[in-house]
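Structure, as structure tokens:
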Protein chains: 2
Amino acid sequence: MFEAFDKNISNHVNLSTDELDLVHHLFQHKTYRKKTLLLSEGQVCNFEAYLVKGCVKRYYIDPNGDEVILQFAVEDWWVSDMVSFTEQVPSHLYIETIEETELLQITYPNKELLFKQVPQLERVFRLLVQRAYSVLENRFFTGLTASAEERYLNFIKKYPILPQRVPQYQIASYLGITPEALSRIRASLLRKK
Amino acid sequence: MFEAFDKNISNHVNLSTDELDLVHHLFQHKTYRKKTLLLSEGQVCNFEAYLVKGCVKRYYIDPNGDEVILQFAVEDWWVSDMVSFTEQVPSHLYIETIEETELLQITYPNKELLFKQVPQLERVFRLLVQRAYSVLENRFFTGLTASAEERYLNFIKKYPILPQRVPQYQIASYLGITPEALSRIRASLLRKK
DNA sequence: CTGGTTTCTTAATCTGTATCAATACGAACT
DNA sequence: AGTTCGTATTGATACAGATTAAGAAACCAG
């Protein structure tokens with residue numbers, strides 16, 4: 001259960017067996033059913049989680065009441081509302097499982113404790129945030145420049161598994177277009193082929 | 001020269017006088033003329049800088065050869081290409097002064113040194129990255145959802161000084177629209193008032 | 001298998017923004 | 001002063017994607 005998790009962390013630092021034990025101890029393993037809300041708008045996000053198995057979406061509700069998907073997370077990804085979690089302020093976001101999902105999650109006080117005990121982890125989490133930033137910045141670029149079709153092609157290239165696991169209208173939301181538009185794009189791509 | 005800088009840092013941790021001296025020592029104070037390129041595509045970004053006075057833009061060149069502005073930075077902001085700097089890989093971005101600009105900048109080796117000497121700073125910089133992330137995520141949301149007019153109104157509300165310091169066509173680029181579109185939006189807003 | 005959701009597709013129309021082109025303005029220089 | 005160059009405005013046209021509406025498929029649960 002911890003193999004991939006350990007690897008994910010040890011990419012950045014080397015921990016002793018004791019330290020790793022502490023880490024394992026402070027991350028709680030939990031399984032959630034499909035369509036479970038892990039975070040809702042207005043709540044303070046009380047976890048940072050490593051996704052062992054399954055799939056979740058992170059989204060917010062726009063002024064028209066529509067879901068806008070910011071991120072899908074699958075195996076070996078981290079999920080949280082970073083802003084809400086680290087600043088302990090109410091979140092604007094929702095986090096919801098799309099499939100049955102296993103997480104390893106840590107609470108805010110336990111993370112602080114962990115940082116005290118294993119200061120090297122500050123570095124690990126700084127790098128994590130940085131990677132998240134760089135992914136977002138990339139996505140942002142292509143969002144500004146690329147057409148809907150290009151963004152879709154990009155998406156399936158980068159996350160080839162997701163179309164099989166996530167309904168199409170949610171992918172449309174992620175791409176910032178309507179389901180109709182995505183459907184037409186797919187039809188037009190098929191014609192081209 | 002260091003007042004605002006010290007405050008910016010001490011927001012997050014308390015440093016001893018000695019530690020603060022070391023920090024001051026490792027950040028180099030530099031002044032650049034208007035229109036100086038601080039970073040070009042292909043270079044490894046060799047600084048992380050606190051902006052004491054002036055204004056810079058961070059942008060990339062899209063496939064059509066047009067400038068796409070990702071960020072303006074003014075007093076009390078940090079500027080760098082975080083990805084390039086921390087992973088020491090070639091940048092895709094340009095950073096350029098818009099006005100005469102004073103920076104306090106640190107190199108990669110000195111930052112590593114600083115982290116060794118003052119491990120608390122890992123925390124400061126993790127929080128910095130996090131704030132950058134949250135700003136970007138916010139901007140990304142509104143980019144997906146909001147119309148050009150809404151984004152413009154948002155922009156002048158959030159950065160009321162910038163319109164006076166930055167040419168309009170660069171603001172258009174930042175908003176992801178053409179200069180013509182921005183001009184029309186402004187005209188229409190005036191009419192409404 | 002059947003009736004009901006949920007998801008996806010197709011088509012017709014509408015809208016915001018891009019593009020192209022022409023003109024106007026303002027500051028900087030000679 | 002006039003000339004020039006960079007910047008901003010205005011108008012005409014084109015197009016990507018939204019919206020609305022309807023039907024077709026897929027996916028359940030009884």
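- Mapping B/Ile185 and B/Glu180 onto DNA chain C by nearest heavy atom places B/Ile185 at the nucleotide closer to the 5' end.
- Rounded to a whole Å, the CG atom of B/Asp66 is 12 Å from the C1' atom of C/dA18.
- Among C/dT10, C/dT7, D/dT9, the nucleotide with an atom closest to any side-chain atom of A/Tyr169 is C/dT7.
- Protein atom CD of A/Gln170 is 14 Å distant from nucleotide atom C1' of C/dC8, rounded to whole Å.
- Distance CD (A/Glu149) to C1' (D/dG17): 13 Å, rounded to an integer number of Å.
- The interatomic distance linking A/Lys34 (NZ) with D/dC28 (C1') rounds to 10 Å, in whole Å.
- For an aromatic pair to be called close, the ring centres must be under 6.0 Å apart, and A/Phe155 with A/Tyr174 satisfies this.
- Distances shorter than 4.0 Å separate some side-chain N or O of B/Gln168 from OP1 or OP2 on D/dT9.
- Atoms CG (A/Leu175) and P (D/dA18) sit 11 Å apart, rounded to a whole Å.
- Side-chain atoms of B/Arg184 and base atoms of C/dG16 include no donor and acceptor less than 3.5 Å apart.
- Heavy-atom neighbours of B/Asn14 CG from other residues, nucleotides or ligands within 6.0 Å: at or below the threshold of 12.
- In this structure, B/Lys111 forms a cation-pi arrangement with B/Phe125, its terminal cationic atom sitting closer than 6.0 Å to the ring centre and no more than 45° off the ring axis.
- With rounding to whole Å, B/Leu182 atom CG is found 13 Å from D/dT10 atom P.
- Ranking C/dT17, D/dA8, D/dG17 by closeness to the B/Ala148 side chain, first place goes to C/dT17.
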**Request:** Please assess A/Tyr94 against A/Glu67 for the test side chain to side chain contact (heavy atoms under 4.5 Å, CB included), listing each intermediate value before the final yes or no.
**Result:** CA-CA 9 Å; A/Tyr94 297 80; A/Glu67 218 176 278; over 6 Å; no
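- Side-chain N/O atoms of B/Thr178 include one lying less than 4.0 angstrom from OP1 or OP2 on C/dA18.
- Across the protein-nucleic acid pair, B/Ile171 atom CD1 and D/dT7 atom P stand 13 Å apart, rounded to whole Å.
- Side-chain atoms of B/Ala181 lie closest to C/dA18 of the nucleotides C/dA18, D/dT7, C/dC8.
- For B/Ile177, counting side-chain heavy atoms from C-beta on, the closest listed nucleotide (C/dT17, C/dT9, D/dG17) is C/dT17.
- At whole-Å resolution of the value, CZ in A/Arg151 and P in D/dA16 are 13 Å apart.
- B/Tyr159 does not carry B/Arg165 over the face of its six-membered ring by the limits of under 6.0 Å from the centre and within 45° of the normal.
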